[in-house]
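Read through the structure below, which is laid out as structure tokens, and then see the notes.
As the structure lists them, so they are numbered: ligands from 1, and atoms in each ligand from 1.
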Amino acid sequence: MTSSATPSLPVLYVVVPCYNEEEVLDETSRRLLAKLRGLVALHKVSPNSRVLFVDDGSTDATWDLIRALHDDPSYEGAFCGISLAHNRGHQNALFAGLMCALRRNADATVSIDADLQDDVDAIDEMVDAYLDGANIVFGVRNSRDTDTRFKRGTAHMFYSLMSAMGTETIPDSADFRLMDRRSLEALAEYGETNLFLRGIVASMGFRTAKVYYRRAERFAGESKYPLSKMMGLAIDGITSFSIKPLRMVTFAGFAFVFISIIALVYALVSLARGVAVDGWTSLLVSIWFVGGSIMLSLGIVGEYVGRIYFEAKQRPRYIIAEELL
Ligand code: UDP
Ligand code: MG
């Protein structure tokens, strides 16, 4: 249709998962629209680029606000949204949005949290890196000074644990990243229910780039990621990429058998030397220790079995209740 002289500009979708984000949507939509219009004015992205909100089963007015943004003619169709039938968690909501953007023929997506803790201005650099040929551009935070000491400590533990367990991640990079069409098509091939996008995308390969930015504090509302959800994410991250914990259980089993042989020899020697039964404490301690280790090992095996159970069911990762496209 268009003349061969003007190469068509890429259509960018900014994908924003939202769970009970009524307090931030006003400001967020305003800033993302300004960013998108700026990129269009610079002829970096197509005027058909849009912001796609994914309502992750919010119980507040989030979906009504998204609808109002979508319906307002002054935004010229810059906002669209899908609403999931139920709260499926950040990773699934994000995945739903990315797949929707892929279906809508987006050339690239940028995923960003609704609270805009990630620097909206870093999107320019991401788009530049994409235009330079990168398939995936990771947003990496260059400091954690806006985090609480606790979050900083746990995040550090999280990344060390991940690498010790053999899960590939890009440290200090969360889900703020640009993905092009090709990498999204690859992502669509991943069939697992137990989604850990950071690990999947980091292990996919392709031409990647990094953009450094400073992460701000949430400007309104409170975190939708309590410690329990963070621990869930960490366990998903490890179990969906690595079977090392299972191997550790096996090794621990070997070690205990070895120790018990030594104990047996010791017991036999004591018996032969006629030393009386004054082994109460050690006996008690070892019963608890061995019992505890067995329970822990069973727990780890159970984590995997539970995940196999979920994967075997092949249930849909999300169900879209409503679309405003
Ligand atoms: N989120 C979601 N579903 C959930 C929990 C969170 O879609 O079940 C979204 C949330 O709206 C936000 C993003 O995931 O856009 C990150 O959440 P939050 O900012 O609360 O996490 P934190 O920055 O505190 O880790
Ligand atoms: Mg946040």
Side-chain angles (χ1 to χ4, degrees), residues 13-32 51-66 69 79 81-101 109-120 122-123 139-141 143-159 162 169 171-177 193-198 201 213-237 317-322:
Y13 269 62
V14 179
V15 179
V16 192
C18 309
Y19 177 55
N20 292 344
E21 297 285 11
E22 58 180 10
E23 288 144 300
V24 307
L25 270 183
D26 248 12
E27 168 87 5
T28 298
S29 56
R30 211 170 45 71
R31 276 163 60 183
L32 288 178
V51 177
L52 169 64
F53 291 107
V54 183
D55 174 21
D56 185 17
S58 300
T59 49
D60 66 358
T62 298
W63 185 239
D64 299 326
L65 292 174
I66 295 170
L69 289 166
F79 295 110
I82 55 176
S83 122
L84 304 189
H86 191 68
N87 178 241
R88 300 291 296 133
H90 176 223
Q91 298 287 294
N92 285 308
L94 180 53
F95 185 78
L98 294 176
M99 290 306 111
C100 176
T109 56
V110 167
S111 45
I112 189 166
D113 288 353
D115 54 15
L116 295 193
Q117 283 186 279
D118 304 312
D119 184 7
V120 178
I123 295 178
V140 181
R141 4 189 349 188
S143 80
R144 283 191 169 263
D145 52 2
T146 50
D147 278 351
T148 59
R149 186 181 289 264
F150 177 72
K151 185 132 190 177
R152 220 179 307 161
T154 49
H156 185 74
M157 268 166 51
F158 174 75
Y159 288 112
M162 286 294 163
T169 48
D172 289 328
S173 120
D175 287 301
F176 180 35
R177 72 177 91 80
T193 312
N194 169 14
L195 259 192
F196 184 64
L197 288 175
R198 278 167 226 198
V201 179
Y213 70 99
R214 189 174 169 280
R215 188 168 155 108
E217 271 166 77
R218 209 174 225 282
F219 66 84
E222 55 192 41
S223 175
K224 273 77 189 171
Y225 250 110
L227 184 64
S228 57
K229 272 194 187 175
M230 265 177 12
M231 279 172 58
L233 186 69
I235 294 178
D236 275 349
R317 278 169 281 206
Y318 55 87
I319 295 167
I320 296 177
E322 220 180 319

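- Classification of the F196-F158 ring pair by plane angle, with boundaries at 30° and 60°, yields perpendicular.
- Contact check on R215 versus D119 returns no salt bridge, with no Lys/Arg side-chain nitrogen under 4.0 Å from an Asp/Glu carboxylate oxygen.
- Some N or O of N87 is nearer than 3.5 Å to an N or O of ligand 1, by distance alone.
- The heavy atom nearest to atom 25 (O) of ligand 1, out of those in K151, K224, Q117, is found in K151.
- Between D175 and R198 there is a salt bridge, since at least one side-chain N of the basic residue sits less than 4.0 Å from a carboxylate O of the acidic one.
- Among L233, D56, L116, the residue whose heavy atom lies nearest to atom 4 (C) of ligand 1 is D56.
- Heavy-atom separations between R88 and ligand 1 are all 4.0 Å or longer.
- Residue contact check for ligand 1: M230 places no non-hydrogen atom closer than 4.0 Å to it.
- On a distance-only criterion, E222 and ligand 1 share no N/O pair closer than 3.5 Å.
- Taking distance alone, with nitrogen or oxygen atoms compared against 3.5 Å, P17 approaches ligand 1 more closely than that limit.
- The Mg ion (ligand 2) has D115 among its coordinating residues (N/O/S atom, backbone or side chain, under 2.8 Å).
- Side chains of D172 and Y159: a donor-acceptor N/O pair is absent below 3.5 angstrom, by distance only.
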